[in-house]
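What follows is a single structure, written as structure tokens, with notes after it.
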Amino acid sequence: MASSDKGRSGTGRALYGFDAGVAHPARIYDYWLGGKDNFEADRIAGEETIAAYPAIRASARANRAFLARTVRYLAAEAGIRQFLDIGTGLPTASNTHEVAQSVAPDSRVVYVDNDPLVLSHARALLTSSPEGITDYLDADLRDTDAILAQAAGTLDFTQPVAVMLLAILHYIPDLAEAQRIVARLITAIPAGDIAAEEMAEMIRRMNEYLAEGNHVGRPRELVGQFFAGLELLEPGVVKVTQWRPESEVEAAGPTSLWGGVGRKR
């Protein structure tokens, strides 16, 4: 699942309305990355955190690299063409739409943040490919229904959507609230499957030749239910090529099957 570059915003206009004298997560993150779109309050907060945890700069860079890898995988391997990136942060290298549209130019991306500076920079710098769409919403992560309603103007929620929540949920201190936010977002998107259209056609053709015509395809969610009452070993229910593969080549291989290993306690 995905969340965006980030460290930062989308978490409360009441807390983070534009005020250069008050540090904002998005601008602190920009400072950690060596950016220039930050103010004295952000730099002070950034230095204080660096003093406590010097590796925070490297951690911020690692988060950006993770974003790029996951978006590239989703676009290239999983066939995702829609991305809802909540907590966008200030534009930097390898932004979500840049990575996704480098793989699939027709990708649609909706960025969500609540810092006016972030949104101003996003509109100026994060331009879509001609084939795709990039949109921006001024919204608070906790206004989940409003985000989904507005994003529906660009994204088709009857089709797969990657919801990205990178380095943002830790700005929702109440665990139950954070869990409700994620659950609400998940209910808005359809269950994923492996190459759904191709699998449906394959099954249709197979059943034309089977005596009982009883071949069915089940999405990951339903396969996972077969493990009820068992301890599901890591990495859980995944494509069979991705269950503890011996190489990256094996992990990237084609498959039509979900699989997992459960242990009875």
Side chain to side chain contact (heavy atoms under 4.5 Å, CB included), paired with Ile86, selected from Asp113, Ile168, Asn114, Asp140: Ile168
Do Val110 and Tyr136 have side chains that approach each other closer than 4.5 Å (heavy atoms only, starting at C-beta)? no
Between Glu47 and Arg43, does at least one N-O distance fall below 4.0 Å, as a salt bridge requires? no
Identify every side-chain donor-acceptor pair in residues 176-186 under 3.5 Å, counting partners at least two apart or on other chains, and give the distances.
unit_1: Arg184; atom_1: NE; unit_2: Asp145; atom_2: OD1; d: 2.6
unit_1: Arg184; atom_1: NH1; unit_2: Thr187; atom_2: OG1; d: 3.0
unit_1: Arg184; atom_1: NH2; unit_2: Asp145; atom_2: OD1; d: 3.2

Starting from Ile44, can I reach Val22 by hopping between I/L/V/M/F/W/Y residues whose side chains sit under 4.5 Å apart? no
Interatomic distance, His215 atom NE2 to Asn207 atom CG [nearest 0.5 angstrom]: 7.0 Å
Same apolar cluster: Tyr209 and Val216, side chain cutoff 4.5 Å: no
Backbone N/O of Arg263 and side chain of Glu231: donor-acceptor pair under 3.5 Å: no
Find out whether Gln242 and Pro235 are in side-chain contact, i.e. whether some heavy atom of one side chain is under 4.5 Å from a heavy atom of the other. no
In chain order, what residues pass the side-chain hydrogen bond (donor to acceptor under 3.5 Å, both in side chains) check against Thr49, with sequence neighbours excluded? Trp32
Taking the side chain as C-beta and beyond, is there a heavy-atom pair between Leu155 and Leu84 under 4.5 Å? yes
List the atom of Arg81, the atom of Ala104, and the distance in Å for their closest heavy-atom pair. NE-CB, 3.2 Å
Looking at Ala55, is its backbone amide N or carbonyl O close enough to the side chain of Ser59 to form a donor-acceptor pair, meaning the two atoms are under 3.5 Å apart? no
Would you confirm whether Thr88, through its side chain, and Val112, through its main-chain N or O, come within 3.5 Å as a donor-acceptor pair? yes
Within this structure, what is the CG-CZ distance for the pair Leu257 and Arg218, rounded to the nearest 0.5 Å? 12.5 Å
Any side-chain donor-acceptor pair under 3.5 Å between Tyr111 and Asn95? no
Closest non-hydrogen atom pair between Ser128 and Ile133, with its separation: OG-N, 3.2 Å
Identify the heavy atoms of Ala23 and Ala45 that sit nearest to each other, and give their distance. CB-CB, 3.9 Å
As a quick check of understanding, evaluate side-chain contact (heavy atoms from CB on, under 4.5 Å) for Asp42 and Asp30, giving each step before the final call. CA-CA 9 Å; Asp42 307 306; Asp30 176 72; over 6 Å; no
Kindly compute the distance separating CZ (Arg220) from NZ (Lys239), expressed to the nearest 0.5 Å. 10.0 Å
State, to 0.1 Å, how close Val99 and Ala68 come at their nearest heavy-atom pair, and which atoms those are. CG1-O, 3.6 Å
Treating Thr241 as the side-chain partner and Thr255 as the backbone partner, does any N or O pair qualify as donor plus acceptor under 3.5 Å? no
If you count every heavy atom of other residues, nucleotides or ligands that lies below 6.0 Å from Glu248 atom CD, does the total exceed 12? no
Test side-chain contact (heavy atoms from CB on, under 4.5 Å) on Tyr31 and Arg57; report intermediate values, then the result. CA-CA 9 Å; Tyr31 178 71; Arg57 289 183 186 273; 3.9 Å; yes
In this structure, would Trp258 and Leu230 fall into the same cluster of hydrophobic residues linked by side-chain contacts under 4.5 Å? yes
Straight-line distance of Ile56 CD1 to Tyr29 OH, nearest 0.5 Å: 8.5 Å
CD1 of Ile80 to OG1 of Thr70, rounded to nearest 0.5 Å, is 11.5 Å
Side-chain cluster (under 4.5 Å, hydrophobic types only) that Leu233 belongs to, other residues: Val238, Trp243, Val261
Taking everything shown except Glu208 itself, do over 12 heavy atoms lie less than 6.0 Å from its CD? yes
Minimum-distance pair of heavy atoms, taken over all atoms of Thr154 and Arg108: O-NH1, 2.7 Å
Nearest atoms (heavy-atom pairs only) where Phe83 meets Thr96: CB-CG2, 4.1 Å
Would you say Ile50 ends up clustered with Ile28 if hydrophobic residues are merged whenever their side chains have heavy atoms under 4.5 Å apart, either directly or through other cluster members? yes
Inspect the surroundings of CD in Glu201 and state if more than 12 heavy atoms from other residues, nucleotides or ligands are less than 6.0 Å away. yes
With rounding to the nearest 0.5 Å, note down the distance linking CG in Leu74 to CZ in Arg69. 12.5 Å
